[in-house]
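Below is one structure, written out as structure tokens; comments come after it.
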Amino acid sequence: MPATESQLLPPDLMAQLERLELVTRKVFRGRMKGERRSKRKGQSVEFADFRSYVPGDDLRSLDWNLYARLDKLIVKLFLEEEDLHFFTLIDASLSMDFGTPTKLEYAKQLAAALGFVGLIRTDRVRIETLGQSSHHRGPILRGRRGVWRMLDYLNSIEAGETTSLAEGVKNFCLRNAGKGIVVLISDLMDKAGYESALRYLVSQRVDVYVIHILSQEELDPAVKGDLKLVDCEDQDIAEITVSAPLLARYKATLNAFVSGAQEFCNRRGMNYLLANNQTPVKDLIGSYLRRRGLVR
Amino acid sequence: MPDFFYNTLTPWQWGLLALIPPAIIALYFLKLKRQPLEVPSTYLWKRSIEDMHVNSLWQRLRQNMLLFLQLLLIALAMLALLRPGWESSKLDGERFIFLVDNSASMSATDVEGAKNRLDEAKKLVGGLIDQMDSGMTAMLVSFSDTPQVVQEFTTNRRLLRERLETIEPTVRGTDLKGALELADGLANPSRMPIREGDKEIDITEAQPAAVYIFSDGRFEDVKGFSLGNLKPYYVPIGSLDAKNLAITAFSTRRGEAHPEQRQAFVQVANFTEAAQKATVELQLDGGFLDAKEVTVPANESTGVVFPLADAPAGKLMARLKYELDKSTKQDALEQDDVGYAALNDAKPGRVLVVTPGNVALEVALATKRAGKLANVEIKKPDFLSAADYKRDADSGAYNLVVYDQCAPPTSPRANTLYIGQLPPGSTWRGNAVTNAEKKNANESKKDASDAAKDATNDSAKTEPAPTRAQAPQIINWDLSHPLLASVELANVNLVDSLVLEPPPGATVLIDSTAGPIAAVAPRDAYQDAVLGFEIFGHAADGSVTANTNWPRFLSFPTFCLNAVEYLAGGTEDAQLASTRPGRPVELRTSGNTPELTVIDPAKKEHKVRRTAQDIFQFQNTSDIGVYDVRHGDQVIERFAVNLFDRQESDVRVRPTQGNENSTLRPADIKIGNVDVQATLGQTPSRTEAWKFVLACALFVLILEWYIYNRRVYL
């Protein structure tokens, strides 16, 4: 494992991640043979089960010893080892360019960490942004060698995409019809709502993880006085006079928003995780995502 | 403008003020340039605001809280400028004179809500001053026994208020007339009557003025004063049932039985409706000397006598200690619970008798008692030309010089008694013509009444000047004068006598059918007593004959003793017993000292120089207490200043007399022929609310500041 000085993937994080692997609860068909034991039966050295022979089965898998003993044609089944399609979808809208570290930066680190886990387990890792056009797709990465390309690609991602959440997710689904794990990293701040976007993902029958990134400024705004709030994406203006009840109302709205998203996801079998940009990526992956079952 | 408001600004000032609220509103909206702040998304904010817009009117109000507070502030300020208040009546007229009584009785503490009556009066005057319009002028006069202009006519209310505060209570009596005369004079300063035939015409039109008298009514009705165009209002201050006990007299004197021993006499007056018990404590130089309990019947006074034995000279203080009934108020006036008296060393006077020979006089002055009072030296008339006499007479070494049948070339620096002679100088020698006329008139007038009286004088000598009368009959003598105290002259016959022409200011002691034959008159710091008749005369042949049968009576030695006592300083205690505050005191000294130091009760030193009349006059007797007179370091004399004024000590506001069934109320005062009704509690005064409104405005300002700084909203 070559050491890397990348900001996105510090060595100590790498060392921690090497022990992890991506997990999916669903049965997916990989395209290539991978290191992952599949729930499907297939060809590997690891025995799984027996079943009666039916015409058409590969004769090579007949258990001749049993045939000799029982005079019945029994087929030996082996566990299939296959790869996993792991997609990370990053929201690179302007709203992600806020906070310290910026939410986009945080999203990139998270994507890098998760992608690294996938790569070292020879999963098929693909990182895309919401605003990517259908003909310009992100690279498909596999294996340790892909780490550098992945990091290069991540570094090239810049905030400023204007595609709406729903549109971006829709495009993504069109581009990537296959099954696998989709991690959507976004702040879900879309005036049209996040629901339609997430519904697209549900229909894909992929294992969906929604990592909802919010900056500290959004969770606990430190604003004062008479303000004209300008939306960085659509230049929408909200005039507020900060007051205790307004702040309380904001908190309530925020809580409603977060819990609404969580409930929405849980109902549809998606995993929802709220991430504060102040939580280190290491902790997030090491504890929260592990608990959620994305990594093991 | 209704009574509730009082306009303080001119219309254009109001116009300016009215511009402020629109300006605030305009500025508020101009100022509301919200600071732009870029946020990731206004998504949540919008939803928050939408939630809050549900009750948008209240929200808007909350958002503009500062604006409303500012508007409220300016509204309160405007309200304060309108001077809201309540008044019972309105000030009438344009010119006001406020007469504030600051006499001793105004220090009584029987008014609720004020320190004393003067405070209450000041409060009332302040209320009136506040009520004055811009066109009104007022004058402030305080009066006790003398009026004092505190502030001349002015429209400046602030100045009036400031000056009002400078009125201090005094320990003096009350004289309203002086104050009224002063007010009248100042109210119409340029009034100058022109006589045109019988008519008197004022060249300036008299301007009416309202006179407000704030007093407790403890003064005599004012007589001989015409109010003219002054419109009087009398505001009685104090309660009708104020209780007070007072020391109304305190003196030291020689005992009747033992004249060599001194006694202190304290008179305690009870100005309540019930008998009161009190303790009179006597202190000498701060140390306790004696105390006696005394019961004073209601509305009466009682005397207490303390024997002083041979107490040393010092400051005597009598203090009245008593407790009024628990249910009633405490002593209303404290200033009169203390009396002071000076105890001076009894110095025997030095008396020089210059006589060619007068057995009666010599015998009369040779008594034991006279010896105690004075050292009597008897000399022949030729002593008058001796150097010793000149030196002692000029330096004031004698207290009394008796010139019997002789007269010095110049008056000595001493009290004198001339027997059968006139003092040198022209003061006792009036115009000869008028003298003669007077004499004739006197004689013709008295003829009828004198016919019945026994006339023993047979020979009458007439001298060109002074006038002499033969066999004058004594018709009257001044028993109240100390010189003639206990002197009976009814059957004294005279052969002849000088008819005196007493100078102005003299007191005639003995009046006869021919005119005054004995008188006493002040001369600078001294007194000259003149007996017009000799005791022993010289007949034409030079033999000594008796001029009067007076020496045969007991009254002659009594007179001699009186003369020594009174003129030789034997009664100086009595003379200086009690000076009223504010009255000048004449200090007598022996010797030629150019300057004396008087130390007042507050230990302040005052230098006193001889006045042109060769006497020491001390004026600053405003405080009560004992004053030390020093020459160098030596206390040569003490005198006491006391309020001993029954009128002032009786602090009950004078009630109406008679009319038993009507409720007791303060009496009206009478000025000239006008009854001025007591306007009890009817002083036009105004309760001002602007201070409260301003306080509210201040509170609003603080609230606004707090909200602005803390961003705290409801």
Side-chain angles (χ1 to χ4, degrees), chain A residues 91 93-99 102-104 159 165 186-194 213-219 221-258 260-261 277, chain B residues 21-74 699-714:
Chain A
D91 180 357
S93 62
L94 272 173
S95 68
M96 292 290 283
D97 198 18
F98 277 88
T102 63
K103 289 189 280 181
L104 185 61
L165 187 63
S186 169
D187 53 9
L188 300 182
M189 296 278 190
D190 193 302
K191 297 228 166 64
Y194 53 85
I213 297 183
L214 287 176
S215 64
Q216 188 66 27
E217 290 83 347
E218 286 163 311
L219 289 167
V223 284
K224 234 187 201 182
D226 296 319
L227 294 172
K228 188 166 78 178
L229 301 178
V230 183
D231 193 315
C232 64
E233 287 178 15
D234 54 7
Q235 305 303 316
D236 186 25
I237 286 170
E239 289 189 343
I240 60 160
T241 300
V242 179
S243 60
L246 180 68
L247 286 177
R249 177 64 65 183
Y250 175 83
K251 289 253 171 79
T253 311
L254 180 72
N255 286 338
F257 176 63
V258 168
N277 68 343
Chain B
I24 288 178
I25 295 173
L27 280 174
Y28 191 80
F29 285 111
L30 285 176
K31 169 240 143 199
L32 202 67
K33 213 161 141 195
R34 291 170 185 275
Q35 265 194 315
L37 178 74
E38 204 168 46
V39 290
S41 175
T42 53
Y43 177 61
L44 291 174
W45 288 113
K46 283 252 155 151
R47 281 175 57 177
S48 306
I49 295 167
E50 274 166 25
D51 285 348
M52 297 192 76
H53 274 298
V54 174
N55 43 7
S56 74
L57 186 70
W58 176 233
Q59 293 311 316
R60 204 157 292 189
L61 192 122
R62 283 213 289 210
Q63 288 197 355
N64 296 331
M65 178 71 75
L66 292 180
L67 172 66
F68 290 124
L69 284 178
Q70 280 163 9
L71 289 178
L72 183 63
L73 178 69
I74 198 80
F699 174 75
V700 167
L701 187 67
I702 290 169
L703 186 71
E704 196 209 336
W705 176 84
Y706 180 72
I707 287 176
Y708 177 77
N709 275 284
R710 301 294 302 270
R711 295 275 161 202
V712 174
Y713 284 73
L714 296 172

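Letters A, B, ... mirror the listed sequences (proteins, then strands); counts begin at 1. Keep in mind that the numbers below use all heavy atoms, side chains included, and drop hydrogens, waters and symmetry copies.
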Nearest heavy-atom neighbours spanning B:L44 and A:T253: O-CG2, 3.9 Å

Region of A:K103 in contact with chain B, defined by heavy-atom distances below 4.5 Å: side chain

Salt bridge present between B:K46 and A:D231 (N-O < 4.0 angstrom): no

Pairs satisfying ring pair (Phe, Tyr, Trp, His ring centres under 6.0 Å), at least one member in residues 232-255 of chain A, at least two apart: A:Y250-B:W45

Test item: side-chain donor near acceptor, B:S41 and A:S95, under 3.5 Å: no

Residue A:D190 versus chain B: region with a heavy atom under 4.5 Å: backbone

Under 4.5 Å from any heavy atom of chain B - which part of A:L94: neither

Counterpart residues, salt bridge (charged side-chain N to carboxylate O under 4.0 Å, His left out), relative to A:D97 (two or more places apart): none

Value rounded to 0.5 Å, distance of OG1 in B:T42 from CG in A:D236: 4.0 Å

Partner chain B: residue of A:C232, A:G99, A:A248 with the largest heavy-atom pair count (under 4.5 Å): A:C232

Separation between CD of A:E233 and CD of B:E38, rounded to the nearest 0.5 Å: 10.0 Å

Side-chain heavy atoms of A:E218 within contact of B:P40, under 4.5 Å: yes

